[in-house]
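Computed over heavy atoms, backbone and side chain alike; hydrogens, waters and symmetry mates excluded. In this chain, residues are counted from 1 in sequence order. Just so you know, ligand 1 is whichever comes first in the structure, and atom 1 is the first atom listed for that ligand.
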Amino acid sequence: MQPINLFEYEQLAKQHLSQMALDYYSSGAWDEITLRDNRAAFERIKLRPRMLVDVSDRNLTTSILGQPLELPLLIAPMAFQCLAHPDGEIATATAAASAGVGMILSTLATKTIEEVAAVRQNFPNALQWFQLYIHKDKSLTRALVERAYTAGYKALCLTVDAPVLGQRERDRRNEFSLPLGLHAANLATVSDLDIPHAPGESGLFTYFAQQLNPALTWKDLAWLQSICPLPLVIKGILRGDDAVRAVECGVKAIVVSNHGGRQLDGAIASLDALAEIVAAVDSRAEVLLDGGIRRGTDILKGLALGAKAVLIGRPILWGLAVAGIGGVSHILSLLEHELSLAMALSGCQTLQDIDPSLITPPQG
Ligand SMILES: Cc1cc2nc3c(=O)[nH]c(=O)nc-3n(C[C@H](O)[C@H](O)[C@H](O)COP(=O)(O)O)c2cc1C
């Protein structure tokens, strides 16, 4: 039986994943309060649909940093996608490109920067960004950035909410590590680095502690901008003052995100942080949102509160696990249909019609 929504994909995916992979994909940090609240925040918000609008013809297209998208959706950067399916990030990138949605490739991908970029040979307009984790070893970081630029990625997405890794206790219990034959492909190719096996600890937690730079500050953005002409996107902002700081540093887009509840447990739900950040940014950068988006109505709510587009995370992994590229494509088409239906039912012909007045209590 084919799943008909993203929740059914999640249930089905459990049958296709090892316990270690399922726990790594699904878990949040510590008590998973933020993980749950990301979903609950969408459920708290109620809509005020508009009636008697001609919605026979709906347009879901938009653009992000000047690049067109068929719908206001990007696939969030997620590490180790070959744990779900041997085609991993290539399947995700191909499904994204053929649906006209964006894809952000993780530094910790299990396919290389170049392999994923090659998907653009068949889809020259595909929106691909590279997500960066800044390592202590500056030359390694520089090599990753240069490879992303050379391979034609259109933006650098710097994740700032992970100076150290959040403690995901299921991963700790499982002593998470990659199975034989899987590697952090981009690190292996530049420096022979890999995720270690760490007794009593998640190998990824240990990797972050050993290799990533916890001393990163706003000043380092200038260094990044000096070595790479790509527009900079910052992922992991939850406060208006940080968003303003990012804009002042020349950042072109901000992803309001708590890393899917995987970093600081107890952090605000990303949807709850959105309005403050949209107001603080005041149209000086594009604002994106991720965390807990599972329905077309969730996308509608995010856009109504001022996001230009949203990122979707775990459901893509569920789609991959169930049916590889076909599963990811199906997830994307389910979201497209749900968003289109939600727009029709709330009186919106285009994404521009999705405004704060759709949310209760009336905003703006
Ligand atoms: C398995 C997994 C791996 C992730 N890896 C990364 C990563 O490498 N870089 C990053 O910036 N965010 C990473 N994230 C966070 C996602 O980009 C995104 O913020 C989050 O998953 C969105 O929430 P959602 O899964 O509820 O849609 C990861 C999330 C998951 C679930």
Protein contact to [atom] [nearest heavy atom, distance to 0.1 Å]:
atom                    : value
atom 5 (N) of ligand 1  : Ala79 N, 3.1 Å
atom 12 (N) of ligand 1 : Lys235 NZ, 2.9 Å
atom 27 (O) of ligand 1 : Gly313 N, 2.9 Å
atom 16 (C) of ligand 1 : Pro77 O, 3.4 Å
atom 19 (O) of ligand 1 : Asp290 OD2, 2.6 Å
atom 11 (O) of ligand 1 : Thr159 OG1, 2.7 Å
atom 15 (C) of ligand 1 : His259 CD2, 3.4 Å

| message | Please report whether ligand 1 has a polar contact with Leu108, defined as an N or O pair separated by less than 3.5 Å (distance criterion only). | response | no

| message | Below the 3.5 angstrom mark, is there an N/O of Ser106, backbone or side chain, next to an N/O of ligand 1? | response | yes

| Test log, rule salt bridge (Lys or Arg N to Asp or Glu O under 4.0 Å), inputs Asp220 and Lys138 | CA-CA 11 Å; Asp220 297 296; Lys138 272 194 160 180; 5.1 Å; no

| remark: For Ala76, the ligand 1 atoms with a heavy-atom partner under 4.0 Å come out as 16 (C), 17 (O), 18 (C)

| remark: ligand 1 to Ser257, heavy atom cutoff 4.0 Å, flagged ligand atoms 19 (O)

| What are the two closest heavy atoms between Pro196 and Gln210, and how far apart are they? | CG-OE1, 4.4 Å

| request: Grab the two heavy atoms, one from Ala304 and one from Ile354, that are nearest each other, plus how far apart they are. | output: N-CG2, 3.5 Å

| field | Residue from Ile75, Thr112, Val116 passing side chain to side chain contact (heavy atoms under 4.5 Å, CB included) with Leu105 | value | Val116

| remark: From the list Ile293, Val256, Leu288, Val101, side chain to side chain contact (heavy atoms under 4.5 Å, CB included) with Leu311 holds only for Leu288

| query | Counting heavy atoms only, which part of Asn38 comes closer than 4.0 Å to ligand 1: side chain, backbone, both or neither? | reply | neither

| said: Can you tell me which portion of Gln131 lies within the under-4.0 Å heavy-atom range of ligand 1? Options are side chain, backbone, both, or neither. | reply: side chain

| query | So do Asp161 and Leu238 actually touch side chain to side chain, heavy atoms under 4.5 Å? | reply | no

| task | For residues Ile316 and Ile331, determine if any side-chain heavy atom of one lies less than 4.5 Å from a side-chain heavy atom of the other. | result | yes

| Non-hydrogen atom of Leu317 closer than 4.0 Å to ligand 1 | yes

| task | Take every heavy atom of Arg39, measure it against each atom of ligand 1, and state whether any distance is under 4.0 Å. | result | no

| field | Gap separating the CG atom of Asp37 from the CZ atom of Phe42, nearest 0.5 angstrom | value | 11.0 Å

| task | Kindly state whether the ring of His135 and the ring of Tyr207 have centres lying under 6.0 angstrom apart. | result | yes

| said: Out of Trp318, Tyr25, Tyr133, who is nearest to atom 7 (C) of ligand 1 when you count heavy atoms only? | reply: Tyr133

| query | Is it true that Leu334 and Leu60 fall in one hydrophobic cluster, defined by side-chain heavy atoms closer than 4.5 Å? | reply | yes

